[in-house]
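Worth knowing before you read on, the calculation uses all heavy atoms, side chains too, and leaves out hydrogens, waters and symmetry mates. Residue numbers start at 1 and run along the sequence shown.
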Amino acid sequence: MGKGITTSRLNLDELPDAMSEVLTDFSRAQFDKRQAAVQAGAEVFKSAVESATPRDTGGMAESWEIKTKYKDRRYVGNTKTVSGNGKDNIPLSNVLEYSDNPHNGFIRQCFDGVESQIFDAIKKKLSGGN
């Protein structure tokens, strides 16, 4: 680019760096917005699964957490563990979800029941809603 040619604010030589800065700022802003959106969806599910958790499970309903280890993902998990068959720290959520018992599949059923609400919360956050 020719030296001395300018826009009203910067030399054209500076344009690539200025554009890179604008795109980086945009990317960061979108990242934060995406993280808030997936968090909103996770909170909808966490609230629903807490309500759906069997109350005869010794505090399992209070043990749901949203895990934020990965970008653009949220995992809603339960920290309540039990012992059985000579093993310690077996996730109670796995026992209730996958064994033959009266609560079999309650987590999946809960997710299926609120899936549209989860996606509505995500879409609302992405479109600028609170």
Side-chain angles (χ1 to χ4, degrees):
M1 299 260 160
K3 294 263 186 211
I5 299 174
T6 65
T7 66
S8 63
R9 295 189 180 174
L10 59 114
N11 289 328
L12 288 181
D13 298 9
E14 299 168 352
L15 187 58
D17 290 337
M19 288 299 295
S20 179
E21 184 178 332
V22 167
L23 292 173
T24 298
D25 290 348
F26 177 77
S27 177
R28 283 189 186 127
Q30 294 306 307
F31 175 81
D32 292 343
K33 193 174 199 178
R34 287 192 323 265
Q35 300 324 294
V38 295
Q39 183 68 27
E43 289 171 5
V44 169
F45 179 61
K46 179 179 179 267
S47 176
V49 78
E50 284 172 342
S51 295
T53 299
R55 297 296 178 222
D56 61 347
T57 55
M60 183 177 167
E62 295 81 29
S63 300
W64 291 99
E65 294 180 351
I66 298 173
K67 300 172 185 179
T68 59
K69 183 176 179 179
Y70 302 103
K71 297 182 275 187
D72 296 329
R73 297 192 184 342
R74 294 296 183 271
Y75 294 97
V76 178
N78 197 286
T79 60
K80 182 76 173 165
T81 60
V82 294
S83 299
N85 294 337
K87 297 181 182 178
D88 291 330
N89 299 322
I90 301 168
L92 181 56
S93 58
N94 287 9
V95 173
L96 295 178
E97 187 70 3
Y98 300 111
S99 65
D100 292 328
N101 64 63
H103 310 300
N104 181 286
F106 87 93
I107 299 169
R108 182 70 215 195
Q109 291 170 14
C110 180
F111 178 82
D112 290 345
V114 297
E115 183 177 12
S116 64
Q117 294 170 349
I118 293 168
F119 288 110
D120 286 345
I122 292 169
K123 287 188 279 187
K124 181 177 179 183
K125 201 57 121 166
L126 288 175
S127 66
N130 291 329

Would you kindly confirm whether V38 and I66 end up in one hydrophobic cluster when ILVMFWY residues are joined by side chain heavy atoms under 4.5 Å apart?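 They do not share one cluster, since no chain of ILVMFWY contacts under 4.5 Å joins V38 to I66.
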ILVMFWY network linking V44 to F119, side-chain heavy atoms under 4.5 angstrom: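 Both belong to a single hydrophobic cluster.
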Could you give me the CA-CA distance, side-chain angles and deciding distance for T53 and H103, then say whether side-chain contact (heavy atoms from CB on, under 4.5 Å) is met? CA-CA 9 Å; T53 299; H103 310 300; over 6 Å; no
Quick one, T81 with I90, criterion side-chain contact (heavy atoms from CB on, under 4.5 Å). Give me CA distance, side-chain angles, the key distance, then yes/no. CA-CA 5 Å; T81 60; I90 301 168; 5.8 Å; no
What are the two closest non-hydrogen atoms of [X] and [Y], and how far apart are they?
X    : Y    : answer
N104 : S99  : ND2-O, 2.6 Å
D88  : S83  : OD1-OG, 2.9 Å
A52  : F106 : O-CD1, 3.8 Å
A42  : V76  : O-CG2, 3.8 Å
K46  : W64  : CE-O, 3.1 Å
L126 : R34  : CD2-CA, 4.2 Å

Neighbour count above 12 (heavy atom, 6.0 Å) for E21 CD: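 Not buried by this count: 12 neighbours or fewer within 6.0 Å.
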Do other residues, nucleotides or ligands put more than 12 heavy atoms under 6.0 Å from the CZ atom of F31? yes
Going by atom types only, do Q39 and Q35 share a side-chain donor-acceptor pair under 3.5 Å?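 No, no side-chain donor-acceptor pair sits under 3.5 Å.
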Check: I118 and F111 side chains under 4.5 Å, non-hydrogen atoms: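 Touching, per the 4.5 Å side-chain cut-off.
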Can you tell me if [X] uses its side chain to pair, donor with acceptor, with the backbone of [Y] under 3.5 Å?
X    : Y    : result
N78  : M60  : yes
N101 : V95  : yes
K80  : L92  : no
E97  : I107 : yes
T24  : S20  : yes

Spacing of [atom1] belonging to [X] relative to [atom2] belonging to [Y], to within rounding of 0.5 Å:
X    : Y    : atom1 : atom2 : value
C110 : E115 : SG    : CD    : 11.5 Å
E50  : E62  : CD    : CD    : 8.0 Å
E65  : Y75  : CD    : OH    : 15.5 Å

Indicate yes or no: does R108 engage D112 in a salt bridge with an N to O separation below 4.0 Å.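 Between D112 and R108 there is a salt bridge, with a charged N closer than 4.0 Å to a carboxylate O.
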